[in-house]
Amino acid sequence: MTTSRITGYYNLSIAERRAKLTEAAGITREAVDAFVEDGGLSVEAADHMIENVVGTFDLPLGIALNFLINGKEVLVPFAIEEPSVVAGASFMAKLSRASGGFHATATDPIMIGQIQIIQLADLNAARLKLFEHKDELLAEATLADPVLKKFGGGARDIEVRVIDDSPIGPFLVLHLLYDVRDAMGANAVNTACEKLAPLIESITGGKVHLRILSNLADKRLARARVTVPVSELTIGFEQYKGETVRDGIIAAWAFAACDPYRAATHNKGIMNGVDAVVIATGNDWRAVEAGAHAYAARTGRYSSLSTWGRDASGNLVGTLEMPMAVGIIGGATRVHPAAQAAIKLMGVTSARELAEIVVSVGLAQNMAALRALATEGIQRGHMSLHARQVAIAAGAAGELIEKIAARMVAEKIVRIDRAEELLKELRNN
Ligand code: MEV
């Protein structure tokens, strides 16, 4: 990748954008062809992915610019229907460059498989017997996926929890901690959990009930940090002092930190960016969503996934930590040509690197939302793109889309009935 900064990208035609993309990413035109109409998922391939296929369903695919993550330029593909998300992330990524962009890390890719053990006479004794057989259990679980084993993955450890407040009486849960390397890992973990069941029954004398992955992937975390000088916070916002924007963002975060009603929306803003990349790379966004919200509630009170504060020099500092169960091999990532193109475009070679990009994007998206909310509100920025969608819905095409959208924004009336009136008026002229 040569650069993630492409000036005037927004104003180019789609063909020009594709050309610039291949040039900036240093990849061939064929590599991004999967983003071109008809180049994506074929109905034949889709038919092998799920049941009862009758077609495919498209989403817009946009490129978030300006991302510098761990010193590397990244052009980030977003699959999303919501206006302003790509622009918001790109703008925040631009402001973050003054202090080196995003710094991100990820833990080892350890997923948790859960095995529920019921009908036990003595839970404490059964629990300890499982630890006595730990090596045997890990060896058996690792055998479940010889391919992962070849790449250095496999079962790493066990935890055994006593659940003593259940409505059906107490039972045990064994957590199998499994290193899934570059996979998302659900299949490997589920297979390993199912494989362990007979051994666990013979060790404990109990009955194994559920055997399934946990989406609260709190052993597979991704973390991002960003520092933004106050001088950057006035860019495009000249009517506000940088300190005012910074303190406004911090006060907005404090609201989310203390109030679940606000935290849900705050985290939704983070997920706008996270999901867009997760979907573009063919990953399971429901799994990432479930993990994010469960992690946000881990203390017993649902709260913000991010933090915002100021450092000793007065710069704005943001952090985000969340579970990130994403892979670059297997599943839809392998089958979907556009997902393959997305991975290639970002130059990602491991699931860890992808997790680091996704968490950085989530932090950028959060900052974009808070910056707008803490100052002029989100509607002004939102409205110009929303107005284009309303104009299209009213039947506008070509240059009429922009004309009608601009009129509606100026009038502060962005409604389908007004778009229809304007369309009639402009056509008559
Ligand atoms: C809208 O999709 C996302 C926001 O509501 C996020 C937030 O409120 O922080 C703008």
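Counting convention: from 1, in listed order, for ligands and their atoms alike. Quick note: residue numbers are just sequence positions, from 1.
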If you measure only the distance, is there a donor-acceptor pair under 3.5 Å linking the side chains of [X] and [Y]?
X: Lys424; Y: Asn428; value: no
X: Ser306; Y: His266; value: yes
X: Asn267; Y: Tyr302; value: yes

So with a 6.0 Å cut-off around CD of Glu238, is the heavy-atom count from everything else above 12?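 Atom CD in Glu238 is packed in, count exceeds 12.
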
More than 12 heavy atoms of other residues, nucleotides or ligands under 6.0 Å from CG of Asn52: yes or no?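 Incorrect, the count does not exceed 12.
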
Looking at [X], which atoms of ligand 1 are within less than 4.0 Å of one of its heavy atoms?
X: Ala369; result: 6 (C), 7 (C), 9 (O), 10 (C)
X: His266; result: 9 (O)
X: Glu82; result: 1 (C), 2 (O)
X: Leu373; result: 7 (C), 8 (O), 9 (O)

Considering only non-hydrogen protein atoms, determine which one is nearest to [atom] and report residue, atom name and distance to 0.1 Å.
atom: atom 5 (O) of ligand 1; value: Thr265 CG2, 3.5 Å
atom: atom 3 (C) of ligand 1; value: Asn272 ND2, 3.5 Å
atom: atom 7 (C) of ligand 1; value: Arg262 NH2, 3.4 Å

Would Glu425 and Arg407 pass as an ion pair if we require N to O under 4.0 Å?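 So Glu425 pairs with Arg407 through a salt bridge.
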
Can you find an N/O atom of Lys268 closer than 3.5 Å to an N/O atom of ligand 1?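 N/O-N/O distance below 3.5 Å exists for this pair.
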
